[in-house]
Number of protein chains: 2
Amino acid sequence: MKLTMYTDYSLRVLMYLGTRQPDEKVQIDEISEYYNISRNHLTKVVHNLAKLDYIHTVRGRGGGIMLKYKPEELNVGQIVRNTEDNFYIAECFRPDNECVLTPICGLQYVLNDALNNYINTLEQYTLQDILPKALMR
Amino acid sequence: MKLTMYTDYSLRVLMYLGTRQPDEKVQIDEISEYYNISRNHLTKVVHNLAKLDYIHTVRGRGGGIMLKYKPEELNVGQIVRNTEDNFYIAECFRPDNECVLTPICGLQYVLNDALNNYINTLEQYTLQDILPKALMR
DNA sequence: GTTTAAGATATATATTTTATACACCTTTAA
DNA sequence: TTAAAGGTGTATAAAATATATATCTTAAAC
């Protein structure tokens with residue numbers, strides 16, 4: 001059971017931006033070098049974060065990215081829910097489910113209950129809570 | 001975020017056995033046909049369940065497998081914890097972790113908290129609770 | 001108005017993880 | 001001795017995930 005790198009990287013980008021001044025523009029290159037992640041891959045993560053309305057991107061010379069909200073306004077649970085796309089805990093959660101038990105078994109209910117508690121826990125935290133305790137340069 | 005088929009199949013085998021009489025031997029072939037899963041693959045799952053002490057296997061002619069404990073004595077959370085081997089939620093949980101944030105960021109604590117609540121929820125259920133409401137033949 | 005520095009996007013490739021297949025071994029009751 | 005059962009190791013396939021390549025678009029600076 002693990003989250004995708006996509007979610008992992010999304011959180012890291014937001015954390016990176018969260019240590020900066022609210023209106024400070026940061027370049028993707030800087031972040032990719034800091035984490036040692038390919039620039040192209042990170043660009044996609046960043047693009048997705050912009051689509052999700054978490055960050056503001058500015059194209060062209062002098063551009064960069066910045067948080068659109070304050071760290072204490074960004075909920076970790078929401079971020080994970082939005083960036084993680086695969087919540088098919090077991091076969092019975094998939095669209096192509098072929099398990100013959102599905103109509104009569106109680107597993108789905110139980111796994112759903114657990115997953116809800118997982119997300120609910122994450123929702124008790126904001127980006128501010130997980131921010132590194134040092135400025136990242 | 002999902003469990004491996006290994007865990008999924010393990011639960012299914014236990015559920016299958018749980019609908020039978022306590023001392024009734026069931027063959028792997030029967031289960032693999034019921035679920036449409038390869039016999040060889042299921043054999044490994046079964047073997048693992050035996051190692052984990054959940055089932056009793058009897059080799060040789062007239063053999064088969066059966067639950068070693070009553071369904072109400074088997075905890076779903078324990079089963080998942082024991083059959084699922086990959087709980088590396090994010091890179092910072094892996095032995096080969098290279099994330100530079102690790103020493104200073106609060107993500108691990110938060111993800112751990114959530115995972116604990118996930119497992120704790122599952123631990124509130126027994127095999128009896130998820131058993132199919134019909135006998136499987 | 002051309003150059004340069006930034007993000008955007010589509011497609012292809014590689015890597016890793018997960019699942020399955022194949023082949024053969026061991027055990028034990030009939 | 002045979003047949004029916006589980007056990008085991010290795011190889012292969014499939015799926016999911018991550019990365020690389022290449023090229024495009026935008027906009028400030030000169």
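A quick note: this is a predicted structure, and the numbers were derived from the prediction, not measured. Convention: sequence-line order gives letters A, B, ...; per-chain numbering from 1.
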Check your understanding: Counting side-chain heavy atoms from C-beta on, which of dG6(D), dT8(D), dG7(C) comes nearest to Ile65(A)?
Key ->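 Closest of the options to the side chain of Ile65(A): dG7(C).
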
Exercise for review: Go through Arg12(B) and Glu91(A) one step at a time and tell me if the salt bridge (Lys or Arg N to Asp or Glu O under 4.0 Å) criterion holds.
Suggested key: CA-CA 11 Å; Arg12(B) 289 199 217 174; Glu91(A) 182 177 340; 2.8 Å; yes

For a quick check of understanding: with a heavy-atom distance under 4.0 Å over all strands, which category does [X] fall into, base, sugar-phosphate or nothing?
X: Val45(B); result: nothing
X: Thr4(B); result: sugar-phosphate
X: Tyr88(B); result: nothing

Just N and O in the side chain of [X]: are any of them under 4.0 Å from OP1 or OP2 of [N]?
X: Tyr9(A); N: dT19(D); answer: yes
X: Arg39(A); N: dA22(D); answer: no
X: Asn40(A); N: dT9(C); answer: no
X: Thr57(B); N: dG7(D); answer: yes
X: Tyr6(A); N: dT19(D); answer: no
X: Ser38(B); N: dA21(C); answer: yes

Exercise for review: Measure distances between side-chain N and O atoms of Arg59(B) and base N and O atoms of dT28(C), and say whether any donor-acceptor pair falls under 3.5 Å.
Suggested key: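 Side chain to base: no pair present.
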
Spacing of [X] atom [atom1] relative to [N] atom [atom2], expressed in whole Å:
X: Lys25(A); N: dA27(D); atom1: NZ; atom2: P; value: 12 Å
X: Met1(B); N: dT17(D); atom1: CE; atom2: C1'; value: 17 Å
X: Lys44(A); N: dC24(D); atom1: NZ; atom2: C1'; value: 14 Å

Review point. Below 4.0 angstrom, N of the basic side chain to O of the carboxylate: do Glu123(B) and Arg81(B) qualify?
Key: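 Answer for the salt bridge query: yes.
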
Review point. Near Phe87(B) CZ, under 6.0 Å, is it more than 12 heavy atoms from other residues, nucleotides or ligands?
Key: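 Count over threshold, so yes.
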
Point to revise | Neighbour count above 12 (heavy atom, 6.0 Å) for Tyr88(A) OH | key: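 Atom OH in Tyr88(A) is not packed in, count stays at 12 or less.
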
